[in-house]
Amino acid sequence: MIVAKRKPINEIAEMLAPYKKVTVVGCRSCVAICLAGGEKEVKMLVSALKVKNKKDGKKQQIEGFVVERQCEKEWIKEVEEKVLESDVTLSMACSLGAQTIGDMYPSHLTFPGLNTGMFGVPEEQGVWSEKCVGCGNCIIHTTGGICPIARCAKSMLNGPCGGSSNRKCEVNLEVDCAWAAIYDRLKIQNRLDLIDKVTPAKDWSTSHSGGRRVYVREDAKLTPHQKKGREGVQ
Amino acid sequence: MTDRRPKIVGFCCERHGMDAVVMAARSGKQSDASVRLVQVPCTGRVDGLHILKALEDGADAVFVLGCLEKNCYYDTGSIEGRKRVAYVKQMLSEAGIEKERVEMFNAASTNAWAYPEAVAKMVEVARKLGPIGGGERQ
Ligand code: SF4
Ligand code: SF4
């Protein structure tokens, strides 16, 4: 899932300061699971901003809402009125949600309330860790199911590097060396021969380095005729 | 300066927390602050949002009173309470609001002093800081 973190409240307050009417919109998907922008977090932020405004003697109308998935236009329609009647919308979804609202209402201001961080998983209650960077050409079947691109600081394909020591990464001794983990995993799987194999340089054109990616499933797309039909129904 | 009594909200668990409140009352300890006590089944039920709402709605200071940590009726409820209080304190600091306005206290049923002590501490904080956003101070 996408893992994000709320921006510090003073930073959010500063962004919103010039505006009288603020609509905060959260999302019930990834960012609710990582406790950054679900219903609870929206309510707490709205309340904290109101307390801050009270302290600063500032008048501002702030209302909070939450949608099922903010990266899908259909759900945003539910709060369209609230978005458009505000001076600014603060998105408490990941940046995909914020950008979807922004794309739908281009003349309206939509600001990010969260810092979108990573593709990660919940490791334990309250802890999320990065596992993938979306390179567009997955290779974890050769690395024991552990991604060296996301989990190694140098994204090495033929690790470990010379700095790996006591299973820790030289870049940060708090962090486990990804290649030590890959070695252990391959050992359990009796596939240590893979460690000796030299992986050639990766084609990064499938990653973000190749520019913005757009994936299309032709069979799922609507034909112009189908689109017209849908519009008619709506 | 008008004679304004600090407005304090206390979330108190119905186990050792409330027992301690009753103990204090029996021993005749009183406070001049207008404390609004909210009884909750367990301090683990207290949400950060409850605390913020109390501040939003006019409380000068908010406290949570629960069982002693290793003697909690629901085992880990008061640990949860402490963590929620800590998170609200963090939010308040981020927002530039005094985090001392929110505090966690623990008590055993027989600690007659615990509740009056908590109230006294919050009264002191509320008097020192005054209402959020100024207004009348004592
Ligand atoms: S190899 Fe690429 S797609 Fe696979 S987990 Fe790593 S970054 Fe993600
Ligand atoms: S120590 Fe391990 S994780 Fe760190 S850069 Fe080297 S190979 Fe990668």
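Every value quoted in this text rests on a predicted model; they were computed, and no experiment measured them.
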Whatever's closer than 4.5 Å to a heavy atom in chain B on A/Ala13 counts as neither
Distance (rounded to the nearest 0.5 Å) between B/Ile51 CD1 and A/Ser47 OG
10.5 Å
Is the number of heavy atoms from other residues, nucleotides or ligands within 6.0 Å of CD (A/Glu14) greater than 12?
no
For A/Glu85, look at atom CD and say whether over 12 heavy atoms of other residues, nucleotides or ligands are found less than 6.0 Å away.
yes
Just so I know, are the side chains of B/Glu56 and A/Lys54 near enough to count as touching, which here means a heavy-atom distance under 4.5 Å?
no
Min side-chain heavy-atom separation A/Lys52-B/Glu94 under 4.5 Å:
no
Taking everything shown except A/Lys58 itself, do over 12 heavy atoms lie less than 6.0 Å from its NZ?
yes
Taking the side chain as every heavy atom from C-beta outward, state whether B/Leu52 and A/Lys50 have any atom pair closer than 4.5 Å.
no
Mark yes when over 12 heavy atoms from residues, nucleotides or ligands other than A/Asn172 sit less than 6.0 Å from its CG; otherwise mark no.
yes
Around B/Arg36, counting heavy atoms of other residues, nucleotides and ligands shown, do more than 12 lie under 6.0 Å from its CZ?
no
Contact check, side chains of A/Lys43 and B/Lys53, non-hydrogen atoms, under 4.5 Å
no
Is it true that atom CZ of B/Arg45 has more than 12 heavy atoms of other residues, nucleotides or ligands lying nearer than 6.0 Å?
no
Between B/Met91 and A/Ala48, what is the shortest heavy-atom contact and its length?
CE-CB, 4.0 Å
Neighbour count >12 (heavy atoms, 6.0 Å) for atom NZ, A/Lys131:
yes
Can you tell me how far CD1 of B/Ile132 sits from CG of A/Asn53, rounded to the nearest 0.5 angstrom?
12.0 Å
Can you confirm whether B/Asp47 sits close enough to A/Met44 that some side-chain heavy atom of one is under 4.5 Å from a side-chain heavy atom of the other?
yes
Under 4.5 Å from a heavy atom of chain B, the part of A/Lys40 involved
side chain
